[in-house]
Amino acid sequence: MFNRAVSRLSRKRPPSDIHGSDGSPSSSQQNPKSTAKWAASLENLLEDPEGVKRFREFLKKEFSEENVLFWLACEDFKKTQDKKQMQEKAKEIYMTFLSSKASSQVNVEGQSRLNEKILEEPHPLMFQKLQDQIFNLMKYDSYSRFLKSDLFLKHKRTEEEEEDATDAQTAAKRASRIYNT
């Protein structure tokens, strides 16, 4: 259940990414320079579904994908309103990432770990301190390596090539209009 939620979270696109301001469908090719946004901050990267996807690919290769999965799960958890659903998600986050038997245990300070008893009375910010630790770990460690990685640089080059091709087509159309009038 949790993995499906994380998968949906990382694929979800805000309405502005799906349709342009004129209501027409937009695509990543129509929104050039996403890599520039990703390079500006980890926050920008994590706000972009494509950025999350690429960052996850990178972290998977580094055997630390659990960090971004935990961060995404905490973001989803904070938005949960229903008390029963919140208890279920809290337990799932604990069992998946924080317990000593967790399948995808994240590296957080020992004294910051949660006691299982707290899961009985969950609140939206109960994982905030741990989420902040993981965010900082990603920001000051894996994020900087991601920006230097072949995966990121290749995506950036592809984006630049697409932009150059679009610019050339636009210039050709302008020239055509000028000479055909």
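When a residue number appears, it is its place in the shown sequence, counting from 1.
By the side chain to side chain donor-acceptor pair (under 3.5 Å) test, K60 is found to be paired with no residue, residues two or more places apart in sequence or in another chain being considered. In this view, E43 and S41, F135, K139 satisfy the side chain to side chain contact (heavy atoms under 4.5 Å, CB included) rule, not counting sequence neighbours. Under the rule for a side chain to side chain contact (heavy atoms under 4.5 Å, CB included), the partners of A36 that lie at least two apart in sequence or sit in another chain are K33. Remark: R145 engages E62, D141 in a side chain to side chain donor-acceptor pair (under 3.5 Å) (not counting sequence neighbours). Scored by the side chain to side chain donor-acceptor pair (under 3.5 Å) test, N136 finds no partners at all (sequence neighbours excluded). Residues forming a side chain to side chain contact (heavy atoms under 4.5 Å, CB included) with T80 (at least two apart in sequence, or on another chain): Q85, M86, K89. Shown here are the salt bridge (charged side-chain N to carboxylate O under 4.0 Å, His left out) partners of E65, two or more places apart in sequence or in another chain: R56. Checked against side chain to side chain contact (heavy atoms under 4.5 Å, CB included), D150 has no partners two or more places apart in sequence or in another chain. Residues passing the salt bridge (charged side-chain N to carboxylate O under 4.0 Å, His left out) test with E57: none are found, sequence neighbours excluded. Residues forming a side chain to side chain donor-acceptor pair (under 3.5 Å) with W38 (at least two apart in sequence, or on another chain): D48. Residues satisfying the ring pair (Phe, Tyr, Trp, His ring centres under 6.0 Å) criterion with F77, sequence neighbours excluded, are F127. Every residue was checked against the ring pair (Phe, Tyr, Trp, His ring centres under 6.0 Å) condition with Y143, not counting sequence neighbours, and none meets it.
The closest side-chain heavy-atom distance from Q105 to L98 is not below 4.5 Å. A heavy-atom distance below 4.5 Å is not found between the side chains of M126 and Q131. For the pair L130 and V106, the minimum side-chain heavy-atom distance is 4.5 Å or more. With a 4.5 Å cut-off on side-chain heavy atoms, R54 and L151 count as touching.
With rounding to the nearest 0.5 Å, the separation of OG in S103 from CZ in F97 is 7.5 Å. Distance check: E120 CD to Q87 CD gives 8.0 Å after rounding to the nearest 0.5 Å. Summarising the geometry, atom CG belonging to N107 is positioned 10.5 Å from atom OG belonging to S64; distances are rounded to the nearest 0.5 Å. Here the CD1 atom belonging to I134 is positioned 8.5 Å from the SG atom belonging to C74, to the nearest 0.5 angstrom. Distance check: L72 CG to L46 CG gives 7.0 Å after rounding to the nearest 0.5 Å. From D76, atom CG reaches atom CH2 of W71 across 11.0 Å, with rounding to the nearest 0.5 Å.
Of the options L59, L45, L42, a side-chain contact (heavy atoms from CB on, under 4.5 Å) to F146 is made by L45 and by none of the others.
Ion pairing between a basic and an acidic side chain is recognised when a charged N comes within 4.0 Å of a carboxylate O; E161 and K156 show no such pairing.
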- Task: Please test E50 against K37 for salt bridge (Lys or Arg N to Asp or Glu O under 4.0 Å), starting from the C-alpha separation and ending with a verdict.
- Result: CA-CA 11 Å; E50 184 66 22; K37 291 179 193 172; over 6 Å; no
Salt bridge (Lys or Arg N to Asp or Glu O under 4.0 Å) evaluation trace for E75 with K78: CA-CA 5 Å; E75 286 297 295; K78 287 190 263 189; 2.9 Å; yes
